[in-house]
Amino acid sequence: MNLIVFSGPPSSGKTSVILKTIEALKGQDIKVGVVKFDCLYTDDDILYEKAGIPVRKGLSGALCPDHFFVSNIEEVVKWGIDNKLDLLITESAGLCNRCSPYIKEIKGVCVIDNLSGINTPKKIGPMLKAADIVVITKGDIVSQAEREVFSSKVNSVNPTAITMHVNGLTGQGTYELSTLLMDEEKEIDSVKGMKLRFPMPSALCSYCLGETRIGEQFQMGNVRKMDLEDR
Amino acid sequence: MKEVEILKINELLEKYPFVESYFEENKLDISGYENKTFIEFLDHFTLEEVEDMALDLNKNLIDLQEYIRQMKSFLGIEVSNSVDVLTILPGQDKLGNPEGFERLDIKKSEMIAIVGPTGSGKSRLLADIEWTAQNDTPTKRTILINDQYPDKKWRFSSNNKLVAQLSQNMNFVMDLSVKEFLELHARSRMVEDIEETVEKILEEANKLAGEKFRIDTQITALSGGQSRALMIADTAILSSSPIVLIDEIENAGIDRKKALDLLISSDKIVLIATHDPNLALLADKRIVINNGAIINIINTSVNEKNKLIELEDMDRKIQELRRALRYGESL
């Protein structure tokens, strides 16, 4: 089985891109399943189900969704193998712009949209910088100039990635994307022992443990103060 | 040892001025390290800073090398980027029947119309061109550039796309003035004389727009016609893509014939999907698409060109009535 990790900020079009790409993959007789990770709520699983795609969802609730991802990915891969999938796609929540749940030996795809503003590539951390493929969406509603400026900004923060334009509504570009996903040499039966490309943010403070009171005497562990001095 | 490992940062900047934007976009503040190498600069980050800024120092080094390589080839593309002739070799329709033509050559400065009902496969044709299909898309078409199998760079290069697109419902989303916007685009294209280029685009855009606009107008405040005029002039002059694809341009507030002339005079190949006889007959040829395949290629006949004159006459009358209406005259 091949595993692909999709990531990207909320509302960038991950689900639409994945759905249309799977349509193209089905035409090539490839059996694809999806596991959707989110924080509090998602009904994306219904969209996948409607399209006849085997799907599971995982809600992280009180946990950081990407930490939740790593601690479940092994079982998720087992689910894919038990279901005899050729390709398993995981879709992340993509909440804080820093994290990337990418795994070293596994292809990582970041979905980002033209509407998010030209400084966005600069704001996104490893989620964009460590991806193998960057998919830029919503190009049909901005000008050619903005598309060119945006993709050149993406390119300057991740020059080694393949950057593609995909229209999640019409599916333009998804056939092309689908040809880049499967890779015989990347067949796996487990992710045990593999490593993340980038460490998740470390934080362990009293608020992580359920503290709700505000005030210095309640703050313990990994705490840092802002610099609010006059300048 | 590689160049990026030996050269000091100020030497790098002198040799490749564009690396400044790499530092800038990656938030790498090199001030104070101009006399050090990039590796020495990367070494100065403490473990805490690396964690805090989510840096991947190894990848930064690989990325900078790759960025320099890409930019060097981007700056040298003028020659290799030129598309003199684009060739489409036939594939098949949705049922697997062969397409109804043998070979279609489209030359620089040529304009081709694409006609066919919704869902007939117009976008697929454009996607085949953009992806330089090699019998590896659902239509099994093959695209040749300058009579040769194209370089893979057309598929994957992010600064060097084959096709620029102008679609019906495009907007400007940035909040900038026309000047700032064009400067930003010109910088990303590494244009040398930015000021001159910006003025040229404004001038051409104003020739197309019904109502003129100024260089300090906010782009979000432009009217529909003015926006389209600016987008077309900008694409004609600044876009690196040799092929321009237009998905219907509305008539309102823009001189479409002049717009197409501008694109063609910039050595572009222009493909226009339209059902407006005024536009379709302007082209020398039109491709007819149905059921996923090109079923016919029609040369615009003399008879049709005469019809076009008639149509343009009617169009002028309507425009005149519209103008009269706008200025409060009785019809």
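Each chain gets a letter, A, B and so on, in the order its sequence line appears, and its residues count up from 1.
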Pick whichever of [options] has the most heavy-atom pairs under 4.5 Å with chain A.
options	answer
B/Thr137, B/Ile219, B/Leu184, B/Asp56	B/Thr137
B/Leu126, B/Val244, B/Ile62, B/Asp52	B/Asp52
B/Arg124, B/Arg187, B/Arg69, B/Glu130	B/Arg124
B/Pro138, B/Ala127, B/Ser21	B/Pro138

Are there more than 12 heavy atoms of other residues, nucleotides or ligands under 6.0 Å from atom [atom1] of [X]?
X	atom1	result
B/Lys179	NZ	no
B/Glu192	CD	no
A/Glu105	CD	yes
A/Leu209	CG	yes

Can a side-chain donor-acceptor contact be found between B/Ser239 and A/Glu148 if the only test is distance below 3.5 angstrom? yes
Under 3.5 Å, is there a donor-acceptor pair between the A/Asn158 and B/Lys59 side chains? yes
Using heavy-atom distances under 4.5 Å, tell me whether [X] contacts chain A through its side chain, its backbone, both, or neither.
X	value
B/Phe181	side chain
B/Thr235	side chain
B/Met231	side chain
B/Asp63	both
B/Leu55	backbone

Please evaluate residues A/Asp140 and B/Asp247 with respect to the criterion side-chain contact (heavy atoms from CB on, under 4.5 Å), reporting the C-alpha separation (whole Å), side-chain torsions for both, the decisive distance (0.1 Å), and the verdict. CA-CA 11 Å; A/Asp140 55 329; B/Asp247 195 2; over 6 Å; no
How about B/Met174 and A/Phe150: do any of their side-chain heavy atoms sit closer than 4.5 Å? no
Heavy-atom check, side chain of B/Leu238 versus side chain of A/Gln144, under 4.5 Å: no
Chain B interface, residue from A/Ala145, A/Gly125, A/Pro121 that has the most non-hydrogen pairs under 4.5 Å: A/Ala145
Note: vs chain B, highest number of non-hydrogen pairs under 4.5 angstrom among A/Gly173, A/Gly171, A/Pro159 is A/Pro159
Tell me, with the steps shown, if A/Arg147 and B/Lys161 meet side-chain contact (heavy atoms from CB on, under 4.5 Å). CA-CA 11 Å; A/Arg147 274 200 302 270; B/Lys161 293 270 180 224; over 6 Å; no
Chain B heavy atoms under 4.5 Å from [X]: which part of the residue, side chain, backbone, both or neither?
X	value
A/Thr170	neither
A/Gln172	side chain
A/Leu180	side chain

When you measure from the side chain of A/Glu146 to the backbone N and O of B/Val173, does any donor-acceptor pair fall under 3.5 Å? yes
Polar side-chain atom of B/Glu25 near backbone of A/Lys122 as donor-acceptor pair, under 3.5 Å: no
Looking at OG of A/Ser156 and CD of B/Glu20, how far apart are the two atoms once the value is rounded to the nearest 0.5 Å? 12.5 Å
Could you state the interatomic distance from OH (A/Tyr175) to CG (B/Asp128), rounded to the nearest 0.5 Å? 9.5 Å
Of all heavy-atom pairs linking A/Thr179 and B/Trp131, the shortest is OG1-CZ2, 3.9 Å
Using the side-chain contact (heavy atoms from CB on, under 4.5 Å) rule, take B/Val163 and A/His165 through it: C-alpha gap first, then chi angles, then the decisive distance, then the call. CA-CA 11 Å; B/Val163 180; A/His165 291 264; over 6 Å; no
